[in-house]
Amino acid sequence: MISELGHLRFHKHRIGLTATYFAVAKISPEGESARAIFNGKGYPVVAVFPLNLLGTHELFVLLRNFFPSTPAIYLCDLRHFFHQIRISPTLARHFIVVCADIAFRWDMLPMGWYLSPRVAQGIAWAIALFVPEGAPRIFEDHSHDLAPPRFVYIVDVNRRRVGLLTILYDNFAIFARDERTVQLARRRLEGNFVLFRANMKPAATTFRSRSSLLVGENDSTFRGPVHLGVEYASIANRLVWRVDSTKVKKWVLRFSTDRPLPTIWFPRELAAFIGWLLWTRTVAWMPLHCSGSLLDIASDIGAHVTTAAANGSAKAWDSAEMVLTATNVANLQDEWYRAAKNTWCLNITDHGVLDSAVIIAADASNVGYGFVAHVVRESGGTFTILDRSASEEAKEWHTGMSQWHIFIREVFAAVTALRAAWSRGFRRFFLFEDNTAAKAALERGYSVNRIARGILQRLHIDIWRATTFIGIRSE
């Protein structure tokens with residue numbers, strides 16, 4: 001991965017552009033090691049495609065909406081993927097490490113360079129979607145896309161969508177309605193890996209049929225396939241998930257649930273703990289407004305570190321201790337009990353008469369707000385269940401609400417529409433939102449704005465879980 005350039009006196013004009021090197025500690029089954037990182041942030045930014053990755057919550061929504069019953073799953077991981085990607089000599093001269101008076105050049109794609117994730121993500125999708133000569137196309141065609149897709153559907157011979165593929169750098173996941181589809185996609189992937197000489201991790205390759213995912217609701221010994229820290233299983237023929245049980249055990253070794261959490265923390269350790277607790281709430285499919293106490297402590301950490309750094313502390317994250325209040329410790333302890341329990345999160349979908357998809361469009365203006373909701377019949381066609389666009393009484397803002405920012409009004413209109421549809425017994429919603437800030441707040445279930453946060457707290461967790469938020473452009 002590196003080649004020696006020889007003994008030279010280090011001068012920038014002789015070697016070219018350079019990047020700062022640092023090592024990140026990593027614990028692996030072979031023991032402790034370090035991951036080499038280059039900090040290439042000083043490079044000029046050029047116009048590149050956006051790194052639009054599929055988020056964990058979005059993946060849950062996809063799985064819930066696409067698979068009414070448990071899918072078959074195939075997961076695989078490439079070994080040291082960035083370091084399998086060779087870079088040209090022209091690019092390699094920008095990444096040089098000097099130890100004493102010996103210079104070394106990095107010949108593989110360095111981590112930390114701002115373009116590296118885009119290069120790796122693009123190459124991963126190119127390998128996966130490559131169609132060998134004479135072979136059928138089993139993934140939808142994205143050859144004309146200007147950027148790598150967030151996910152692709154798997155299609156059968158009749159071009160019907162029967163599964164999906166997601167990629168996050170070197171992590172590949174296939175979810176399909178039957179084992180045959182998974183095996184077809186698996187053979188294509190693994191064949192392309194061989195063709196492009198991409199080295200897989202044998203231990204990270206997992207195929208689980210629908211039947212092998214079955215677990216009793218209280219079976220704590222079961223361990224299902226794990227993808228990006230999320231463990232999957234099946235209860236009552238419904239896909240369920242939880243935080244990877246081995247990660248929970250690792251945190252339990254550090255903190256015990258039978259004794260109080262400490263009141264004095266180093267900021268870095270506390271930030272890691274808060275981040276892990278928030279991650280468990282994400283996997284439990286909880287909106288962020290349900291974790292307000294954690295977010296408050298996270299805000300305190302930021303203020304504490306900023307103050308310490310301003311006072312000249314070179315190690316503000318590691319040396320300036322934080323003292324938590326009794327209320328903060330109690331909130332942390334409560335969240336810690338929930339996280340350590342790590343119960344399965346059920347894929348909530350009621351497949352009854354009222355499970356028809358409800359399409360909702362909500363909007364707000366300086367005058368007032370309105371929304372309309374339609375139900376899509378399985379047999380085709382739609383019918384209206386809500387129409388508040390014609391009622392002046394329903395549209396007008398009350399005293400004080402007229403002073404709200406348009407973003408808050410949009411959130412209010414959307415929450416009101418969802419609660420109205422839920423009250424009529426429907427349990428599956430697609431809400432179209434043309435305000436980007438409002439859509440982001442609705443997806444997170446949280447906003448830093450106090451008024452918007454209060455409105456979002458009226459959005460019951462079951463309604464939030466049952467809704468897919470779709471951004472649109474207003475004409």
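- Between the side chain of Ser256 and the backbone N or O of Val252 there is no donor-acceptor pair closer than 3.5 Å.
- Between Phe175 and Phe66, the ring centre distance reaches or exceeds 6.0 Å.
- Side-chain N/O atoms of Thr468 and Asn65 include a donor and acceptor closer than 3.5 Å.
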Practice task
List the steps, then state whether side chain to side chain contact (heavy atoms under 4.5 Å, CB included) holds for Leu270 with Met322.
Solution key: CA-CA 9 Å; Leu270 181 57; Met322 288 188 65; 4.1 Å; yes

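- Not counting sequence neighbours, the partners of Phe273 by the ring pair (Phe, Tyr, Trp, His ring centres under 6.0 Å) test are Trp251, Phe255, Trp265, Trp336.
- Contact of the Tyr337 side chain with the Gln333 side chain is registered, since non-hydrogen atoms from C-beta on lie closer than 4.5 Å.
- Residues Phe266 and Trp317 place their aromatic rings such that the two centres sit no closer than 6.0 Å.
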Exercise for the section: Determine, step by step, whether Phe432 and Phe469 satisfy the ring pair (Phe, Tyr, Trp, His ring centres under 6.0 Å) criterion, reporting the C-alpha distance in whole Å, the side-chain angles of both residues, the deciding distance to 0.1 Å, and the verdict. Expected result: CA-CA 6 Å; Phe432 291 86; Phe469 300 98; over 10 Å; no

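- Between the side chain of Arg465 and the backbone N or O of Trp285 there is at least one donor-acceptor pair closer than 3.5 Å.
- By the 4.0 Å N-to-carboxylate-O rule, Arg254 lies close enough to Glu269 to be salt-bridged with it.
- Between Lys439 atom NZ and Arg444 atom CZ the span is 10.5 Å, to the nearest 0.5 Å.
- Ala362 approaches Glu410 most closely through the heavy-atom pair O-OE1, 4.1 Å.
- The shortest heavy-atom contact between Pro267 and Ala316 is CG-O, 3.7 Å.
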Exercise for the section: I would like to know whether Ile85 and Ile123 meet side chain to side chain contact (heavy atoms under 4.5 Å, CB included); could you show each step before the answer? Expected result: CA-CA 9 Å; Ile85 303 173; Ile123 288 177; 3.7 Å; yes

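- Ion pairing of Asp244 with Arg223 is present here, as a side-chain N (NZ or NE/NH1/NH2) and a carboxylate O approach within less than 4.0 Å.
- You'll find the side chain of Phe371 stays beyond 4.5 Å of the side chain of Leu431, heavy atoms only.
- Under a 3.5 Å cut-off, the side chain of Glu433 and the backbone N or O of Ala438 do not form any donor-acceptor pair.
- At least one donor-acceptor pair under 3.5 Å links the side chain of His289 to the backbone N or O of Leu456.
- Between the NE2 atom in His227 and the CH2 atom in Trp241 there is a gap of 13.0 Å [rounded to 0.5 Å].
- Side-chain atoms of Thr327 and Thr325 include no donor-acceptor pair closer than 3.5 Å.
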Practice task
Could you please spell out the steps behind the salt bridge (Lys or Arg N to Asp or Glu O under 4.0 Å) verdict for Glu140 and Arg159?
Solution key: CA-CA 8 Å; Glu140 284 190 336; Arg159 318 316 294 169; over 6 Å; no

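- Using modelled atom types and a 3.5 Å distance limit, the side chains of Asn366 and Arg409 yield a donor-acceptor pair.
- Contact check on Arg281 versus Glu335 returns a salt bridge, with a Lys/Arg side-chain nitrogen under 4.0 Å from an Asp/Glu carboxylate oxygen.
- Residues Ile154 and Ile174 form a side-chain contact, since some pair of their non-hydrogen atoms from C-beta on lies under 4.5 Å apart.
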Practice task
Assess whether ring pair (Phe, Tyr, Trp, His ring centres under 6.0 Å) is satisfied between Phe412 and Phe407, documenting all intermediate values.
Solution key: CA-CA 9 Å; Phe412 178 86; Phe407 149 70; over 10 Å; no

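- Residues Met286 and His57 have side chains not in contact (no heavy-atom distance under 4.5 Å, counting atoms from C-beta outward).
- For the atom pair Asp363 CG and Asn435 CG, the distance stands at 9.0 Å (nearest 0.5 Å).
- Counting heavy-atom neighbours within 6.0 Å of His405 NE2, excluding the residue itself, gives a total of 12 or less.
- Arg180 CZ: 12 or fewer foreign heavy atoms inside a 6.0 Å radius.
- Using a distance-only test at 3.5 Å, with no hydrogens or angles considered, a donor-acceptor pair links the side chain of Thr307 to the main chain of Ala303.
- When side chains are defined from C-beta on, Asp156 does not count as touching Ile138, because their heavy atoms never get closer than 4.5 Å.
- A donor and an acceptor atom, one from each side chain of Tyr74 and Glu190, are located under 3.5 Å apart.
- Side chains of Asp178 and Thr181: a donor on one and an acceptor on the other come within 3.5 Å.
- A donor-acceptor contact shorter than 3.5 Å is absent between the side chain of Ser212 and the backbone of Arg208.
- Without hydrogens or angle criteria, Arg160 side chain to Val155 main chain gives no donor-acceptor distance under 3.5 Å.
- In plain terms, the two heavy atoms of Leu239 and Ala233 that are nearest each other are CD1-O, 3.3 Å.
- Among all heavy-atom pairs drawn from Pro149 and His142, the shortest one is CB-ND1, 3.9 Å.
- From Leu277, atom CG reaches atom CG of Asp334 across 10.5 Å, with rounding to the nearest 0.5 Å.
- Other residues, nucleotides and ligands contribute only 12 or fewer heavy atoms inside 6.0 Å of the CZ atom of Arg450.
- For the residue pair Thr416 / Arg458, no side-chain donor-acceptor distance below 3.5 Å is found, with atom types taken as modelled.
- Although no hydrogens or angles enter the test, the distance criterion places no donor-acceptor pair under 3.5 Å between the side chain of Arg186 and the main chain of Phe207.
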Exercise for the section: Assess whether side chain to side chain contact (heavy atoms under 4.5 Å, CB included) is satisfied between Leu418 and Trp464, documenting all intermediate values. Expected result: CA-CA 9 Å; Leu418 286 169; Trp464 183 81; over 6 Å; no

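- The closest side-chain heavy-atom distance from Val411 to Ser447 is not below 4.5 Å.
- The backbone N or O of Pro148 lies less than 3.5 Å from no partner atom in the side chain of Gln121, so there is not a single donor-acceptor pair.
- One finds a salt bridge joining Glu58 and Arg150 here, because a Lys/Arg side-chain nitrogen approaches an Asp/Glu carboxylate oxygen to under 4.0 Å.
- One finds the OG1 atom of Thr70 at 6.5 Å from the CG atom of Leu213 (value rounded to the nearest 0.5 Å).
- A side-chain donor-acceptor contact under 3.5 Å links Ser143 and Asp141.
- By the 4.5 Å heavy-atom criterion applied to side chains, Arg79 and Met200 are not counted as neighbours.
- Listed here is the closest heavy atom pair of Cys76 and Thr205: CB-OG1, 4.1 Å.
- Of the inter-residue distances, the one linking Ile408 atom CD1 with Ile451 atom CD1 reads 4.5 Å to the nearest 0.5 angstrom.
- A donor-acceptor pair under 3.5 Å is formed between the side chain of Asn192 and the backbone N or O of Phe130.
- In terms of heavy-atom proximity, Ser69 sits nearest to Arg238 at CA-NH1, 4.3 Å.
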Practice task
Quick one: do Phe172 and Ile127 satisfy side chain to side chain contact (heavy atoms under 4.5 Å, CB included)? Show the steps, please.
Solution key: CA-CA 11 Å; Phe172 297 71; Ile127 293 174; 5.8 Å; no

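- Aromatic ring pairs are classed by plane angle as parallel below 30°, tilted from 30° to 60° and perpendicular above 60°; the pair Tyr153 and Phe151 is perpendicular.
- Two residues are said to be in side-chain contact when any heavy atoms from C-beta on lie closer than 4.5 Å; Leu109 and Phe81 fail this criterion.
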